[in-house]
There are 2 protein chains.
Amino acid sequence: MAEQAYYSVHPKFHAAVDCIIFGFEEGELSLLLLQRNFEPAKGEWSLAGGFVEDGEDIDDAARRIVAELTGLDDLYMRQVHTYGEVERDPGERVLSTAYYALVDIKRYDRELVRAHNAFWIKLPAIPRLIFDHDRMVQDALRFMRYQATVKPVGINLLPEEFTLTQLQALYEAILGERIDKRNFRKRIAQMDYIEKTGHIDKTLSRKGAALYRFNREKYDGNFKI
Amino acid sequence: MAEQAYYSVHPKFHAAVDCIIFGFEEGELSLLLLQRNFEPAKGEWSLAGGFVEDGEDIDDAARRIVAELTGLDDLYMRQVHTYGEVERDPGERVLSTAYYALVDIKRYDRELVRAHNAFWIKLPAIPRLIFDHDRMVQDALRFMRYQATVKPVGINLLPEEFTLTQLQALYEAILGERIDKRNFRKRIAQMDYIEKTGHIDKTLSRKGAALYRFNREKYDGNFKI
DNA sequence: CTAAAAAGTGTTGCACGTACACTTTTATTT
DNA sequence: AAATAAAAGTGTACGTGCAACACTTTTTAG
């Protein structure tokens, strides 16, 4: 009874999740954005979002929302921030927690994406987004960039096997600056958890480039994440 | 109408805020913890927490909760993470957002703290806390430590004017390791936003130590935070 | 005036990051 | 068959920043 009262005098709110879904394409980062064909803010651009449901962990809600859109349920995802201004959603009061997700752009379900009226848009071309979604994107980008300098999270944007040229282009896209090829390869050579597979990729060069793979066991052994 | 339906099919939840309140005393970090004299979990230790109210930004809720306990409303506070597991609060479902706050331990309101049955407890002596508050403390500590290596947030734990010896003891407490005095002072000397006030503190040494102050204008000029 | 207690002060070496340009390999074209 | 084009791959030298390291100065209390 006392317990009931303890909670019940306080208001309840809708709890939303908004997902900043990063992809990597042609040397540039992209976001998967939706052009809303439903109210509120029909016709405008937004992040992939949804509501937390009863009996659902908030992290699971984020996974569900990304899976419903991309067909992928094994993505690298991290919580960014919770936005709780009173007027942030002009419809009703909604507390929204932002997550970012990293997608290998070769793997997502094209049908699902089309059905949701979603599109990959390169970072410099991102349109204005509804509500406070612009700010969420900025915060997620900053957080993802920081994490990428500390641990090799960006690798989740590449296929299982990748060339060093691809990896360098990815880092250049994430950090937004050119990197010297020799210095980059020296750094990677020191990371024993990025290992040669022995396979050769011939699609991008006549000479062929060695393919590498991320070895999670070696990585987890060296550091605690 | 359509708008109403868009929101109303989704559940609502209690939104809580839990605050990890750091202080600095005798060369060690402390937390301000409450021994609960109310249900649920009466008698156990917890963080300072409360519920977000109607018409209140979530950041403001965090400020209010700390102000109600310490009498201070100008603290450095940052959001850490939102915890949304279904079963994290055994009473009812509550989504809780953790914030950390940095308190100059000379300034807080002792009467208020006593009235709330709250106590400063040094980090190594922190008792087991209710719910997932242990995890919140770990996450906040890691985040605060990281931020302290990047920007001088820790200064918010010291009085307006401080000696370099105090500042060094603070950094040692935050980072959990001893620092060489000469190297430390060399590093500080390069930071033109930490400036000598001309005042001398005689309470801690016979010789007297120069007092310094953090100059926010110079800092904001050099970097964008 | 002697002792004690904290403040304050420079130099050297090492590790890491950065700048910088040419050779190798192979498919395609002529 | 030779020439060309396109990307992969490779080593050195310099500079900056951080870490290791111990003694002198100042003042008050006894």
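What you are looking at is a predicted structure, and each value in this text was computed from that prediction instead of being measured. Basis for what follows: all heavy atoms, side chains included, without hydrogens, waters or symmetry-related copies. In what follows, chains are A, B, ... by sequence order, proteins preceding strands, each numbered from 1.
- Rounded to whole angstrom, the span from the CG atom of A:Asn183 across to the C1' atom of D:dG9 amounts to 14 Å.
- The phosphate of D:dT28 has OP1 or OP2 within less than 4.0 Å of a side-chain N or O from B:Lys202.
- Between the CG atom of A:Leu164 and the C1' atom of D:dT10 there is a distance of 12 Å, rounded to whole Å.
- A cation-pi arrangement is not found for A:Arg182 relative to A:Phe184, the charged atom failing to lie both closer than 6.0 Å to the ring centre and inside a 45° cone about the ring normal.
- With rounding to whole Å, A:Arg182 atom CZ is found 14 Å from C:dG17 atom C1'.
- The separation between B:Asp201 atom CG and C:dA7 atom C1' is 11 Å, rounded to whole Å.
- In this structure, NZ of A:Lys196 is placed 13 Å from P of D:dA8, rounded to the nearest angstrom.
- Atom NZ in B:Lys207 sits roughly 20 Å away from atom P in C:dA3 (whole-Å rounding).
- Note on A:Leu204: only backbone sugar-phosphate atoms sit closer than 4.0 angstrom, heavy atoms only; bases stay farther off.
- Contact of B:Lys186 with C:dT9 (side chain to base): no donor-acceptor pair of N or O atoms is detected under 3.5 Å.
- Between B:Tyr193 and B:Tyr212, the distance from one ring center to the other does not fall under 6.0 angstrom.
- Between A:Thr165 and D:dA8 there is a side-chain polar atom (N or O) within less than 4.0 angstrom of OP1 or OP2.
- To the nearest angstrom, C1' of C:dA7 lies 15 Å from CG of B:Leu167.
- Rounded to whole Å, atom P of C:dG8 lies 11 Å from atom CD of B:Gln168.
- For the pair A:Gly208 and A:Gln190, nearest-nucleotide mapping onto DNA chain C gives the more 5' position to A:Gln190.
- Geometric assessment of A:Arg78 against the ring of A:Tyr76 yields a positive cation-pi assignment under the 6.0 Å and 45° thresholds.
- Comparing atom distances between the A:Arg185 side chain and each of D:dC21, D:dA8, C:dG8 picks out D:dA8 as nearest.
- Using a 4.0 Å heavy-atom criterion, one finds that B:Arg187 contacts no nucleic acid atom at all.
- The closest donor-acceptor contact from the side chain of B:Thr197 to the backbone of B:Leu211 lies under 3.5 Å.
- Counting only distance, with no hydrogens or angles, the side chain of A:Asn117 and the backbone of A:Gln35 share a donor-acceptor pair below 3.5 Å.
- Residue A:Arg206 places no side-chain N or O under 4.0 Å from the OP1 or OP2 atom of D:dA7.
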